[in-house]
Amino acid sequence: MANGELSLTLQLLNLLLEIRLAKLNGSTPPNGTGSIRDLLLGLVGQTVTVTTPFGVITGTLLSVLTDYIVIIEDTGSQVLVRLAEIESASGQ
C-alpha cells in the first residue's frame, strides 16, 4: 500500500470513529448533519415516537438530558430511553 493510500485509509478510519463516538455520546457528528439529540431538543413538550431495539415508544417528550430522554406515555407512565439506543425519532 502506497503512503497516500495508507494516509487516506487512516483518515477514513478516524472519521468513522468520530461518527461512532458522536452517536454514542448523543452529540453532533463531525459532518454537521446533526444528531437524534438535536432533533429531540426541538421536540420537547410535543408528542414523539421513538424506535429502539426493544420497541416503539410514543408519548410526550418531557426532557432531553445528556445521555437519555424522558417520555410520558398516555397511560401516565414515565419512560427513560438512553440516547445510544434510539434508532429513529419523529414528532407528530
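In what follows, every heavy atom counts, from backbone to side chain, and hydrogens, waters and symmetry copies are set aside.
Between the side chain of R37 and the main chain of D67, no donor-acceptor pair closer than 3.5 Å is present. Side chain of T52 to main chain of F54: a donor-acceptor pair is present (N/O by atom type, distance under 3.5 Å, no hydrogens or angles).
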In a table with atom names and distances, give each donor-acceptor pair under 3.5 Å that connects a side chain of residues 85-92 to protein atoms at least two apart or in another chain.
from : atom 1 : to  : atom 2 : distance (Å)
S88  : OG     : T51 : OG1    : 3.2
Q92  : NE2    : T49 : OG1    : 2.5

Quiz: residues 70-81 side-chain donor-acceptor pairs under 3.5 angstrom, not counting sequence neighbours:
from : atom 1 : to  : atom 2 : distance (Å)
T75  : OG1    : S77 : N      : 3.4
T75  : OG1    : S77 : OG     : 3.1

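V48 and I57 fall within the same hydrophobic cluster, defined by Ile, Leu, Val, Met, Phe, Trp and Tyr side-chain heavy atoms under 4.5 Å apart, directly or through other members. Side-chain heavy atoms closer than 4.5 Å link hydrophobic residues (I, L, V, M, F, W, Y) into clusters, and following such links, possibly through other members, connects L39 to V44.
For residues 45-61, there are no salt bridge (Lys or Arg N to Asp or Glu O under 4.0 Å) pairs, not counting sequence neighbours.
V50 pairs in a side chain to side chain contact (heavy atoms under 4.5 Å, CB included) with only one of the listed residues (I69, I36, V56, L83), which is I69.
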